[in-house]
Amino acid sequence: MKYLPTLVIATLVGFLARLYMLRRDYRQYPSYPQGWAIHLFLGFIGGAIGAIIVPAILEGDFSAVSFLLLAASQFREVRNVERDTLSSMEATEMVKRGTAYIEGIARVFEARNYLAIWVALSAAVASELLADIGWWRMAAGVLVGAVLAAVLVRLMQGDLIGDIASVELSEIKFEGALVVIEGTVMMNVGLPESRRVYEERALAASVRPKGPNAKATLANLGQMQAIAHDVSSMIGVYMDVGEQEFIPMVRRDPATGSLRVLMVPSERDEDAFLAAIRRVPVLEGAVRKPLTSYAGKMID
Amino acid sequence: MEKIILAVVALDQTRVGGGAPIFYARDQEELEELAVLISRIFGAAVHDLHNDVYIIVKH
């Protein structure tokens, strides 16, 4: 079994790459430990597929490529499963993630399995090319895999809201029952009691896009909902089930394309609030680039 | 349809009418209290129409 070192090292590198891409952050998704077990095993399968391709082709078994087709359809299923899970959990979220965010998360999980395959494949190729140097080829495989994993992770990293827009605190004003932030009407808060809560505890911010591309991206409803969801999961909301008047609001000022974020956080900390908004990811599905079009350039 | 008026709370009988259940209050205080109670039952939001009429809306 002369390919054994290659198989072992490439599978291991693919698996470790998947592990490296799993993050435990404020979202707690995938959930730990069960969700992790699922994705690590899928990463292992991906690594094994990437590892086996190289020896199979060296042996002249070109039909091994059809393995990849199988993997692709399996991993596409991952996306469906993730979407179903998140959609069915949506009813239990105080502030909804929104379909755009769910779609984005599901896509990331599918993509990362393919990345695991690439990493394992590169490790296997390196290991086989350097078959002459004996056991050192395993180290070479690990090195190539690690570099590729680092590069891929860097390439797959999306922007944050803080990268495409400037975020500043805004003043909250009342016009009768209407909550107004910098001229944008946010909502009608009917009860004087609730208005008092807003006066004492609420925070508001303006998200000003840097340029037309950012403006078009921020106009996406899914992106707006994602901001509401993520900010409330980072700093907490002051609301109970059914208290709809305290639900975090994101509205758009049509004149400037700025977003207004209004929420009643559980702790009133201005810096934490602004930092939370800046750290919301820009959804891949929300990104628009009008400046790459002829008409878009004419307007700018 | 997403938003539904679940109830209307009003002071002046001549200002309201129509399909949603209407609750009349005697004074401003009762008006607010009714609005709170009904909104908590439905888990809905209270909106002020600025003419002593509150509507309870499910979003």
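Note on naming: letters A, B, ... go to the chains in the order of the sequence lines (proteins, then strands), and numbering restarts at 1 for each one.
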Quiz item: Is Glu110(A) salt-bridged to Arg76(A), going by a charged N under 4.0 Å from an acidic O?
Solution: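 A salt bridge is absent here (no side-chain N lies under 4.0 Å from a carboxylate O).
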
Quiz prompt | Salt-bridge criterion met for Asp253(A) and Arg260(A) (N-O under 4.0 Å) | solution =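 Salt bridge between Asp253(A) and Arg260(A), a charged N being under 4.0 Å from a carboxylate O: yes.
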
Exercise. Kindly give the heavy-atom pair with the smallest separation between His229(A) and Ser232(A), and that separation in Å.
Key: O-OG, 3.1 Å

Practice problem: Write down the atom of Val57(B), the atom of Ala44(B), and the distance for their closest heavy-atom approach. | Solution: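 What the structure gives for the nearest pair is O-CB, 3.3 Å.
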
Quiz item: What residues of residues 191-218 of chain A sit under 4.5 Å from chain B when you count only heavy atoms?
Solution: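 Counting heavy atoms that sit under 4.5 Å from chain B, the residues of residues 191-218 of chain A involved are Leu191(A), Pro192(A), Arg195(A).
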
Exercise. Walk me through it: do Asp230(A) and Tyr101(A) pass the test side chain to side chain donor-acceptor pair (under 3.5 Å)?
Key: CA-CA 10 Å; Asp230(A) 256 11; Tyr101(A) 202 177; 2.9 Å; yes

Quiz item: Does one side chain, of His39(A) or Glu82(A), offer a donor that lies under 3.5 Å from an acceptor on the other?
Solution: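 Per modelled atom types, His39(A) and Glu82(A) side chains form a pair under 3.5 Å.
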
Quiz prompt | Engaged part of His50(B) at the chain A interface, taking heavy atoms whose separation is under 4.5 Å | solution =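 Side chain only.
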
